[in-house]
Amino acid sequence: MSYRTRFAPSPTGFLHIGGARTALFGYLEARRQNGVFVLRIEDTDQERSTDASLQAILDGMAWLGLTHDEGPFYQTKRLDRYREVAEQLLASGKAYRCWCSKERLEQMRNDLEAAGEKPRYDGRCRERTDAEPGVTSVIRFRNPQSGSVVFDDKVRGRIEIQNSELDDLIIWRSDQFPTYNFAVVVDDIDMAITEVIRGEDHINNTPRQINIYQALGRTPPSFGHLPMIHGPDGAKLSKRHGAVSVMQYRDDGYLPDAVINYIARLGWSHGDQEVFSRAELIEKFRIEDVNRAASRFDFDKLAWLNQHYLKSEDPKLVAGHLLWHLEQKGYDLARGPKPEDVVVALRERVKTLKEMAERAACWYVEAIEFDAEAKAKHLTAAARAGLEAVRAQLAAITASDWSPAAVDGALRAAAESLGLGLGKVAPAVRVAVTGTQVSPSIDHTVFLCGQPLALTRIDAAIGMC
RNA sequence: GCUCCCAUCGUCUAGUGGCCCAGGACAUCGCCCUCUCACGGCGAGAACAGGGGUUCGAGUCCCCUUGGGAGUACCA
């Protein structure tokens with residue numbers, strides 16, 4: 001039988017970082033074993049499910065490159081199937097109808113809780129045969145009352161839970177929708193899922209589900225429960241930590257490869273290796289190697305990885321991602337330098353594409369703003385001679401020869417003609433061309449302006465000296 | 001409350017009884033390189049939660065404590 005994993009989000013919000021990692025691990029396990037990665041949408045909660053959320057999840061997965069092989073399957077389109085299985089369980093006596101009111105149930109829960117006991121259904125309708133007139137029944141699963149459920153979790157090892165801790169859960173609601181614990185089992189059976197990878201918040205549901213598999217005469221798949229991801233302060237990751245939604249990472253200027261690499265290393269490791277290509281991840285990832293403890297999200301490390309990818313990936317590829325940010329800034333791209341040249345000039349000094357787009361302003365915007373301190377310090381009478389010499393050398397470059405190397409040559413020649421080092425003339429040129437004291441190496445900075453603009457700006461600066 | 005899960009530097013982690021007076025990475029701090037800012041190179045500080053066992057020997061196995069987390073719905 002082929003290896004099959006699935007990612008089964010419910011469309012009640014965007015794809016968050018924890019969900020993305022769950023999806024990634026399922027995807028990786030499937031890919032390594034030439035298996036199938038299924039996408040299933042658990043939308044049986046009519047109240048909370050929205051189309052916007054569904055789209056956000058699809059967009060997030062697409063951006064990360066987590067492509068599924070089958071699906072998306074929608075639970076709301078499989079209602080007849082769940083009903084059929086529920087009836088089957090009813091017919092075989094593995095489930096029963098229950099007429100208890102929500103009020104009675106809640107009262108019972110409160111009483112048990114007050115008595116310091118675990119809230120459980122008391123089984124009042126368990127052996128009942130007559131119907132309660134005027135009340136729409138629900139269907140409850142007849143959970144075994146003795147013995148225990150044992151399973152071997154792929155990340156945690158052996159887990160055992162006493163059946164006496166479990167109660168008869170509702171599998172079919174009065175609104176004629178299945179409940180989660182029941183629908184997942186039916187789906188995972190029908191979709192022939194062999195390995196269930198999900199968050200540890202589901203660990204307590206697993207024994208219940210295994211009992212349903214057994215009632216249905218099926219062998220449960222194997223399970224692997226992933227630890228949680230917390231915010232930098234150890235609390236649950238939330239908006240106040242910055243980015244929760246995967247798409248927010250795109251907006252903040254991260255490369256999908258960096259995000260994938262980062263979340264893969266959160267809870268998983270392969271010796272001392274930190275950087276993994278997609279292919280290496282597929283080759284080396286093992287669900288068994290996942291850590292059991294929860295981890296904290298570290299934005300600094302993500303930033304480091306992001307810059308690593310900024311520096312090591314093909315500039316043309318990075319430029320493709322940068323383009324979006326450049327457009328967000330409203331730059332006139334027809335006028336400025338090629339984005340890939342900007343990437344080469346800035347990738348060693350920024351952590352994100354967003355930052356890169358901000359720092360590229362001087363090459364795309366017509367008028368630069370002068371930093372007062374920079375101007376006062378470098379555009380002085382003493383700097384005038386240097387600027388004029390540089391201006392002359394730059395003007396002498398044939399337009400078609402305009403390049404960082406040519407600019408570098410011009411600057412050095414200018415400095416030499418004055419008997420100075422490059423360090424004596426470059427700062428003023430930098431301020432002249434960018435308005436600030438910080439920029440990439442001066443040759444690239446001037447080059448990216450283009451010859452006409454560079455000359456115009458130096459002329460203007462000479463006028464300010 | 002009850003049930004389940006978890007516990008190595010600030011953070012992510014290596015470590016599966018001796019190779020560990022605990023290794024790598026991010027972050028931090030020095031130094032070098034240098035036209036600014038960076039990149040890079042070199043170096044430093046920094047951890048086995050506590051207590052009992054088991055063993056010739058424990059970060060590694062067992063128990064307890066403490067501290068986190070999850071579940072406890074006609075949500076998923």
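To find a chain, count down the sequence lines: A is the first, B the second, and so on, and within it residues start at 1.
The gap from the C1' atom of B/rU60 to that of B/rA76 amounts to 38 Å, rounded to the nearest Å. Comparing B/rA47 with B/rU8, their C1' atoms are spaced 6 Å from each other, to the whole Å. Comparing the same atom, C1', in B/rG15 and in B/rA22 gives a spacing of 8 Å after rounding to whole Å. The C1' atoms of B/rC26 and B/rU72 are separated by 38 Å, rounded to the nearest whole Å. Nucleotides B/rA46 and B/rC4 are separated by 40 Å at their P atoms, to the nearest Å. Between B/rG51 and B/rA58, the two C1' atoms lie 15 Å apart (nearest whole Å).
Under 4.0 angstrom from either OP1 or OP2 of B/rA14 there lies at least one side-chain N or O belonging to A/S269. Listed pair A/R109 / B/rC74 meets the phosphate criterion, a side-chain N or O lying under 4.0 Å from OP1 or OP2. Phosphate proximity of B/rA7 to A/N291: absent, as no side-chain N or O sits under 4.0 Å from OP1 or OP2. Within the 4.0 Å cut-off from OP1 or OP2 of B/rC6, at least one side-chain nitrogen or oxygen of A/R292 is found. Considering only side-chain N and O atoms, A/K311 lies under 4.0 angstrom from the phosphate OP1 or OP2 of B/rG40. Regarding contacts with the backbone of B/rA76, every side-chain N or O of A/T179 stays at 4.0 angstrom or more from both OP1 and OP2. Note on A/R173: a side-chain N or O is less than 4.0 Å away from OP1 or OP2 of B/rA76.
Residue A/R156 is in sugar-phosphate contact alone, with no base atom involved, counting any heavy-atom pair closer than 4.0 Å across all strands shown. Using a 4.0 Å heavy-atom criterion, one finds that A/G267 contacts the sugar-phosphate atoms exclusively. Among the heavy atoms of the strands lying under 4.0 Å from A/E165 are primed sugar atoms or P, OP1, OP2 only; no base atom is included. Within the nucleic acid shown, A/P440 comes within 4.0 Å of at least one base atom, counting heavy atoms only. Using a 4.0 Å heavy-atom cutoff across all strands shown, A/R265 reaches at least one base atom of the nucleic acid. Across all strands, A/H225 comes closer than 4.0 Å to no nucleic acid atom at all (heavy-atom distances). Residue contacts for A/S295: at a heavy-atom cut-off of 4.0 Å it reaches the sugar-phosphate backbone alone, with no base atom in range. If you check every strand for non-hydrogen atoms under 4.0 Å, A/T44 touches sugar and phosphate atoms only. Among the atoms of the strands shown, base atoms are found under 4.0 Å from some heavy atom of A/L422.
The partner of B/rC2, taking Watson-Crick or G-U wobble pairs whose two distances both stay under 3.5 Å, is B/rG71. Judged by Watson-Crick or G-U wobble contacts below 3.5 Å, the nucleotide B/rA7 has B/rU66 as its partner. In this structure, B/rU28 and B/rA44 make a Watson-Crick or G-U wobble pair, each of the two defining distances being under 3.5 angstrom. With a 3.5 Å ceiling on both atom-pair distances, B/rG59 lacks any Watson-Crick or G-U wobble partner. Pairing for B/rC19 is absent, judged as Watson-Crick or G-U wobble with the two contacts each under 3.5 Å. Pair assignment for B/rU34: none, as no Watson-Crick or G-U wobble contacts are both less than 3.5 Å.
When the P atom of B/rC26 is taken as reference, atom CZ of A/R296 falls 20 Å away, rounded to whole Å. Computed from coordinates, the A/E106 CD to B/rU72 P distance equals 15 Å when rounded to whole Å. At whole-Å resolution of the value, CD1 in A/I170 and C1' in B/rC74 are 4 Å apart. The nearest whole Å value for the distance from the CZ atom in A/R208 to the P atom in B/rC75 is 13 Å. The CZ atom of A/R48 sits 11 Å away from the C1' atom of B/rA73 (whole-angstrom rounding). One atom, NE2 of A/H270, and another, P of B/rA25, lie 17 Å apart when rounded to the nearest Å. Atom-to-atom, OH of A/Y309 to C1' of B/rC26 comes out at 15 Å; the value is rounded to the nearest Å. Atom pair A/L166:CG and B/rC4:P shows a separation of 11 Å (rounding to whole Å applied).
Checking A/D408 against A/E113, the closest nucleotide of RNA chain B that is more toward the 5' end is the one next to A/E113. Summary of the strand contacts: A/F297 and A/D300 both lie near RNA chain B, and taking for each the nucleotide with the nearest heavy atom, the more 5' one is attributed to A/F297.
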task = Start with the C-alpha distance between A/F182 and A/L89, add both sets of side-chain angles, then the distance that settles side-chain contact (heavy atoms from CB on, under 4.5 Å), and finish with yes or no.
result = CA-CA 11 Å; A/F182 176 59; A/L89 247 19; 3.8 Å; yes

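Taking the O4'-C1'-N9-C4 or O4'-C1'-N1-C2 dihedral as appropriate, B/rC35 has a value more than 90° from 0 and is therefore anti.
Ring geometry for A/Y249 versus A/Y254: interplanar angle of 30 to 60°, hence tilted. A/W268 and A/H270 have parallel rings, their planes meeting at less than 30° on a 0 to 90° scale where 60° marks the start of perpendicular.
Taking the side chain as every heavy atom from C-beta outward, A/E388 and A/C465 never approach each other to under 4.5 Å.
Between the side chain of A/R349 and the base of B/rC39 there is no donor-acceptor pair of N/O atoms closer than 3.5 Å. Between the base of B/rC74 and the side chain of A/K102 there is no donor-acceptor pair shorter than 3.5 Å. Taking 3.5 Å as the limit, the base of B/rG71 and the side chain of A/D201 contain no donor-acceptor pair of atoms between them. Contact annotation: side chain of A/E200 to base of B/rG69, donor-acceptor pair absent below 3.5 Å.
The only member of A/R140, A/K118, A/R208 that meets salt bridge (Lys or Arg N to Asp or Glu O under 4.0 Å) when paired with A/D167 is A/R208. Among A/E42, A/Q75, A/H202, the one residue that satisfies the side chain to side chain donor-acceptor pair (under 3.5 Å) test with A/Y180 is A/H202.
A/T206 and A/H225 share a donor-acceptor pair across their side chains, judged by distance under 3.5 Å alone.
Here the CG atom belonging to A/L353 is positioned 4.5 Å from the NE2 atom belonging to A/H325, to the nearest 0.5 angstrom. Distance NE2/A/H16 to CD1/A/I229: 9.0 Å, rounded to 0.5 Å.
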